[in-house]
Amino acid sequence: MTNKPSPVRVAALYKFARLQDRETVRDQLAQLCSSAGVKGTLLLAHEGINGTIAGYDEAIDRVLGYIHGIPGFRDLEAKFSAAETMPFHRMKVRVKREIVTMGLPDIDPMKGTGHYVSPHDWNELISDPETIVIDTRNDYEVAVGSFAGAIDPKTASFRDFPAWFRAERERLLGGTKRPKIAMYCTGGIRCEKSTAFLKSEGIEDVYHLEGGILKYLEAVPTDQSLWEGECFVFDQRVSVCHGLEPGTHVLCHACRRP
């Protein structure tokens, strides 16, 4: 009788915090991930760290231990799921201008974001008819699944979101009564920037799903969920369902879309 191999641990992580000496951190992370057999992508910028990595438990703990030791990143939290096989082909650690690219360098989530809403309180917020719910992800992600009634901006890139909102602002907010705005994304990072952007536009009554769709699918039982479909993820699993179980989508190798 053979023992079934342990599933691969997948860690999605990000944190907005000032990151100094990015090239040294890049080199040390790349070396550590290589020696530990960890694969995936980590992006480093002056504003923080973002990425998804996969490996066996001890290896992931080693990498997260290193990141937690970087000044300002001790409280970085990762969202964990499992994969039967390694969902990445290689490891990439890159220094970028932004860890999630909006293209507006003055938008700084460290100076303030929207109100965090826990997964267990999210249903009540988005069920309020006075709340406008906006999906901040790209069009191909939204096509895989979304919250019922959410607005799909149909953006091809997160860079397109500011222009979309400015064009739609009057239609969305031009009434006599200002609605609440609730936004969500896969893991929470795009919402940190999009709510910071809305606040820079003078909008204060803005909320976002803490931990993103991944945390919601992990924490909220299926029979209580308002999520429809599956959630696109940026690895070879392509999508996940409630409980973060692997979904049914596959990736088209021609267009690289689900």
Side-chain angles (χ1 to χ4, degrees), residues 11-29 40-53 63-80 92-119 121-122 125 133-138 141 153 155 157-166 169 180-216 234:
L13 57 102
Y14 79 90
K15 182 174 175 60
F16 286 101
R18 298 297 178 209
L19 179 61
Q20 306 297 328
D21 203 4
R22 292 175 289 281
E23 286 74 17
T24 297
V25 173
R26 175 198 59 199
D27 295 345
Q28 292 178 347
L29 271 173
T41 299
L42 290 172
L43 303 180
L44 315 176
H46 72 283
E47 63 183 6
I49 298 176
N50 175 34
T52 304
I53 55 176
V63 176
L64 291 179
Y66 173 85
I67 295 174
H68 288 150
I70 301 172
F73 291 85
R74 180 176 296 278
D75 60 348
L76 175 144
E77 295 183 4
K79 290 175 283 294
F80 299 107
K92 297 180 288 186
V93 186
R94 294 178 175 172
V95 174
K96 308 281 282 187
R97 290 185 178 181
E98 300 175 72
I99 56 174
V100 58
T101 303
M102 178 176 268
L104 299 178
D106 293 335
I107 300 301
D108 186 356
M110 287 175 276
K111 294 180 180 178
T113 63
H115 306 287
Y116 293 95
V117 181
S118 76
D121 295 329
W122 182 250
L125 174 64
V133 186
I134 301 175
D135 194 324
T136 67
R137 300 172 302 155
N138 299 331
E141 299 171 77
T155 51
S157 165
F158 190 49
R159 283 180 175 271
D160 300 333
F161 184 82
W164 171 84
F165 180 79
R166 286 166 175 162
R169 176 173 179 157
K180 298 175 182 177
I181 296 182
M183 297 193 283
Y184 66 90
C185 60
T186 306
I189 186 169
R190 276 178 278 192
C191 288
E192 298 254 11
K193 271 208 170 175
S194 55
T195 57
F197 164 69
L198 260 64
K199 292 189 72 172
S200 75
E201 297 283 297
I203 301 168
E204 293 294 331
D205 207 7
V206 58
Y207 303 78
H208 56 106
L209 176 58
E210 187 173 13
I213 302 162
L214 295 179
K215 191 64 178 178
Y216 182 91
F234 293 89

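- Nearest heavy-atom pair across Thr41 and Leu43 is CG2-CD2, 3.9 Å.
- Residues Pro71 and Gln20 fail the side-chain proximity criterion, which asks for heavy atoms closer than 4.5 Å.
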Check against side chain to side chain contact (heavy atoms under 4.5 Å, CB included), Leu125 and Leu209 = CA-CA 10 Å; Leu125 174 64; Leu209 176 58; over 6 Å; no
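- Here the shortest heavy-atom pairing between Trp164 and Thr155 reads CB-CG2, 4.3 Å.
- Of the inter-residue distances, the one linking His115 atom NE2 with Glu210 atom CD reads 13.5 Å to the nearest 0.5 angstrom.
- Side-chain N or O atoms of Thr195 include one that pairs as donor or acceptor with a backbone N or O of Cys191 at under 3.5 Å.
- Side-chain atoms of His68 come within 3.5 Å of backbone N or O of Leu76 as a donor-acceptor pair.
- Of all non-hydrogen atoms in Leu19 and Ala45, the two that sit nearest each other are CB-O, 3.4 Å.
- Residues Ile49 and Ile70 form a side-chain contact, since some pair of their non-hydrogen atoms from C-beta on lies under 4.5 Å apart.
- Shown here is Arg166, whose CZ atom has more than 12 heavy atoms of other residues, nucleotides or ligands within 6.0 Å.
- When all heavy atoms are compared, the tightest approach of Phe73 to Gly48 is CZ-CA, 3.9 Å.
- The closest side-chain heavy-atom distance from Thr136 to Tyr184 is not below 4.5 Å.
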Check against side chain to side chain contact (heavy atoms under 4.5 Å, CB included), Lys96 and Asn50 | CA-CA 10 Å; Lys96 308 281 282 187; Asn50 175 34; over 6 Å; no
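- Heavy-atom neighbours of Arg97 CZ from other residues, nucleotides or ligands within 6.0 Å: at or below the threshold of 12.
- The existence of a salt bridge linking Lys215 and Glu77 is excluded, since no basic side-chain nitrogen approaches an acidic carboxylate oxygen closer than 4.0 Å.
- Side chain of Glu47 to backbone of Asp108: no donor-acceptor contact under 3.5 angstrom is found.
- A distance-only check finds a donor-acceptor pair linking the side chain of Lys79 to the backbone of Gly187 [under 3.5 Å].
- Scanning all heavy atoms of the two residues, the minimum distance from Glu141 to Arg137 falls at O-NH1, 3.6 Å.
- For the pair Ala78 and Ala11, the tightest heavy-atom approach, listed with the atom from each and the gap, is CB-CB, 4.2 Å.
- Put simply, CD on Gln28 and CG on Asp21 are 8.0 Å apart, with the number rounded to the nearest 0.5 Å.
- Here the CG atom belonging to Leu42 is positioned 13.0 Å from the CZ atom belonging to Arg26, to the nearest 0.5 angstrom.
- Ring planes of Phe165 and Phe161: parallel class, angle under 30° (limits at 30 and 60°).
- Ion pairing of Arg190 with Asp135 is absent here, as no side-chain N (NZ or NE/NH1/NH2) approaches a carboxylate O to less than 4.0 Å.
- At a threshold of 4.5 Å between non-hydrogen side-chain atoms, the residues Ser200 and Phe197 count as touching.
- In this structure, Tyr116 has its ring center closer than 6.0 angstrom to the ring center of His208.
- Between atom OG1 of residue Thr52 and atom CG of residue Leu214 there is a gap of 8.0 Å, rounded to the nearest 0.5 Å.
- Using a 4.5 Å cut-off on side-chain heavy atoms (C-beta onward), Pro153 and Asp160 make no contact.
- The closest side-chain heavy-atom distance from Val25 to Tyr66 is below 4.5 Å.
- From Cys185, atom SG reaches atom CG of Asn138 across 11.0 Å, with rounding to the nearest 0.5 Å.
- Side-chain contact check for Lys111 versus Lys199: every heavy-atom pair is 4.5 Å or farther apart.
- For the pair Lys15/Ile67, no side-chain contact is recorded, criterion being any heavy-atom separation below 4.5 Å from C-beta on.
- Looking only at distances, a side-chain donor or acceptor of Glu98 sits under 3.5 Å from a matching main-chain atom of Gly103.
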